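Bear in mind that the values here come from a model prediction, so they are computed numbers and not experimental data.
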Amino acid sequence: MKYKHVNALLEVKNNAGDEIVAADDMYDMFDADGEGENEDFADEGEVKHGSAFLVFLGYNVVFAGIAALFVYLEPVAAGSGIPEIKCFLNGIDLPGVVRVRTLFCKVIGVTFSVAAGLPVGKEGPMVHSGAVVASGISQGTGSIWGVDTSFSKFDDFRNDREKRDFVACGAAAGVCSAFGAPIGGVLFSLEEGASYWSTKLTWRAFFCAMITLGTLFTVRNVDTFWGQADVEKLFSFGEFNSLTGEASNFSIWELFLFIIIGCLGGLIGAVFNAANENLTIWRMQHVNHSRLKRVVEVLLCSVGVSTISFVMPLLWNRCTELPSDMQDWTNQEKNLVEALVPFRCEAGKEYNEVASLIFTDSDTAIKQLFHFREAGEDDSSTFSSAALFLFFLPYISMATIVYGIAVPSGLFVPSLLSGAAFGRLCGHLLHKLDHTSGTFADSGTYALMGAAAVLGGMARMTISLTVILLEATGDMQYVLPLMLTLMAARFTGNVFNEGLYDIHIKLKDIPFLEAEVPTIVEKHEIVAGQVMNTEVKCIRPVERAGVVYDLLRSCSHGTFPIVDTSSGGTLYGTASRAMLCTLLQKRAFGDSSVLPEYEGGGAQRLGPRRLSPLVQWDYLERLYPKYPDIGDVDMIDDDRKCWLDLRPYANTAPYTVNETASIQRTYRLFRTLGLRHLCVVNHYNQVVGMLTRKDLLPESLTDSFIRGRHAHISANGGTFA
């Protein structure tokens, strides 16, 4: 509606009022003595341009402001959400990432940010939205703004491990709904999402993606009453066909050209990531600390993007005739021709090449770049090289600036659209070198390779992105070209920096554990005893309530080892902070006079006797994940001396690692199981330290190694060389 309104304002009627003409033709609509009439038309054209720009700017600023408002209400809804979901699946509990309020702000916010004409996509937010939906379904209970929204009780799923599995399935469903690629969605969760994968998670994600695609297919074909489906609705990027019968659209020797395009796309992605990283650092220092400043930044970016988007077609200032001979064209291609934008050209006869890529939705622009016939066999050109370059450079520059502002935004579609323009430009240049003799593949094939190269250079995905693009195109002839292009883009980009999602995770200072063990561990022998934190807070199997209360008030640790003092401090089990707070709040402890002799004894002297009133496990499960905090506990003086029996609630088989275990083994155990803590014991099963994910980060491992070398050299009276 926005683009139709703007285009309608750019159309000017002649004196008779019965014919619509382009603004460029106004100056020809006078006779030899009609100079005054010429001035009237010129003034009218300036008014039309100004009013059209103001309307265009008004739409975009209002929509961008609404998108920023939802991020103002829920800051976690900003960005694509993929880095946050990666961290959640890595075992990091980020506040508010999978809340229903985040889903509400994300979905509505991305709708308006895309409508605002910003160079953003909806795919990343859809992955985040799918993860939130899956998280809510796994819990079966919750509250929104204080209103209980419980609809079921899935007791078996209400724990951190099952919740992470459901979130991984939700991410797969989000990719499937965005691209219509169920297998690509499953592989996306495997490659980019889940840190731990299992056979059960595979079929769960596959089933989830299948249901998502079935729902999507049903909704898209309501107009046919679920009869025969339109082929165009099967593939997100339209239907790709062989242009020469049974032969492929490219020659085998062109695979080397695709590799070169992949390298160039990796270089473009590296430049994009580096520029956005520096811009994000500046935002974190000057803008992100204030919500109001973030909203103002969104409005300023919207004004800038709107101005550039409106000026670019004006600078082109050229009208191209619509293709006339379309007898052999498919319905898909004919529909794409109808979507070309006149923009100051004669409607129905001409179109503006740059405006056709800007004043339309991104999905249509991508299809136009992919499917318009330009095989180099004649001089026909739907999008000229100059128009593609004029679109590509400002668009990818605007995408670099916009990613990171306070609106829900994805980068898949901007990367695909700019990459498609880059690839089609490469195809044009090759055809010109060949003097349009048809030696090279059609420009649509090069557009597909360019889209894959730029997206792969930005995100550094290979397996999942190959399958996503194949499912979105529906043409298996591009398997090998896409694989080669994406691998070349990944290798080239990795020479300079990391993927954009990994860069933003590090900028947010999130303790994310990569799949590969840090390089310092491979070069030097480091054991768990060198890295662990030796300041461990321990409690006894039966402890005074006041001791537990003071311990929880004095530190923020999430888990506490339970040690048996009667056996030399051997590890009895672990107790979580949430469980201890719940027991204290429910006053699940016995009277102080029940066991006066325990002060000098241990758990073995108690035998099977239980001292505290038992809190049932189903009650603890119902509280998940909203356990009480220590601030919710009121401890009176009479209760401080009471005994709290932790034996019925302790995890008596926690994951442990010996202090002499290698960091390689410790790192893989910690990451694959999604742990948040790991007890370090000696040969006598006595707790000597604790490991958290921060202790396993490359910076912490390097510091531990340097401290170990200093201690070793100092003990031997030596110095560094």
Side-chain angles (χ1 to χ4, degrees), residues 90-93 195-196 509-541 543 551 554-577 602-603 646 650-721:
N90 194 250
I92 305 170
D93 188 13
S195 299
Y196 174 70
D509 199 23
I510 300 175
F512 184 85
L513 298 182
E514 300 288 349
E516 300 296 331
V517 179
T519 54
I520 187 174
V521 177
E522 302 290 345
K523 297 178 181 179
H524 307 281
E525 292 185 3
I526 305 177
V527 296
Q530 297 176 252
V531 181
M532 66 184 182
N533 186 352
T534 56
E535 298 179 1
V536 185
K537 306 292 184 180
C538 301
I539 53 180
R540 296 178 295 177
E543 189 60 88
L551 179 62
S554 63
C555 68
S556 58
H557 297 174
T559 298
F560 300 91
I562 302 176
V563 297
D564 192 352
T565 55
S566 64
S567 59
T570 58
L571 180 63
Y572 181 88
T574 57
S576 66
R577 183 183 189 89
L646 301 176
N651 176 16
T652 55
Y655 289 105
T656 61
V657 66
N658 196 280
E659 60 181 338
T660 60
S662 66
I663 284 297
Q664 290 95 326
R665 179 184 178 187
T666 304
Y667 187 93
R668 293 189 179 98
L669 175 68
F670 202 102
R671 185 184 186 277
T672 54
L673 296 180
L675 303 179
R676 295 177 183 170
H677 55 268
L678 185 62
C679 294
V680 182
V681 297
N682 58 18
H683 295 293
Y684 302 101
N685 200 35
Q686 296 171 327
V687 179
V688 294
M690 289 284 288
L691 282 173
T692 63
R693 60 177 52 246
K694 289 186 177 181
D695 298 321
L696 298 176
L697 295 177
E699 301 82 17
S700 300
L701 293 175
T702 302
D703 293 341
S704 299
F705 175 73
I706 294 175
R707 287 198 307 269
R709 288 191 63 184
H710 277 293
H712 176 73
I713 292 175
S714 299
N716 291 276
T719 59
F720 285 108

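- For Glu535 against His557, the heavy-atom pair with the smallest separation is O-CE1, 4.4 Å.
- The shortest heavy-atom contact between Ala661 and Val657 is CB-CG2, 3.3 Å.
- Between the side chain of Arg540 and the backbone N or O of Leu646, no donor-acceptor pair lies under 3.5 Å.
- Between the side chain of Asn651 and the backbone N or O of Gly573 there is no donor-acceptor pair closer than 3.5 Å.
- Within the 3.5 Å criterion, the main-chain N or O of Leu696 finds no donor-acceptor partner in the side chain of Ser700.
- In plain terms, the two heavy atoms of Val536 and Gly689 that are nearest each other are CG2-CA, 3.5 Å.
- In this structure, Arg676 contributes its side chain and Gly91 its backbone to a donor-acceptor pair below 3.5 Å.
- Arg671 places a side-chain N or O within 3.5 Å of a backbone atom of Glu514 that can act as its donor or acceptor partner.
- A donor-acceptor distance shorter than 3.5 angstrom exists from the side chain of Asn658 to the backbone of Thr660, with no hydrogens or angles considered.
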For residues 677-684, which side-chain N or O atoms pair as donor and acceptor with protein atoms under 3.5 Å away, sequence neighbours left out?
unit_1 : atom_1 : unit_2 : atom_2 : d
His677 : ND1    : Thr559 : OG1    : 3.1
His677 : NE2    : Thr559 : OG1    : 3.2
Asn682 : OD1    : Tyr684 : N      : 3.0
Asn682 : OD1    : Asn685 : N      : 3.2
Asn682 : OD1    : Gln686 : N      : 2.9
Asn682 : ND2    : Gln686 : OE1    : 3.1

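- What you find for Asp564 and Pro541 is that their closest heavy atoms are CA-CD, 4.3 Å.
- Separating the NZ atom in Lys537 from the OG atom in Ser554 is a distance of 6.0 Å, to the nearest 0.5 Å.
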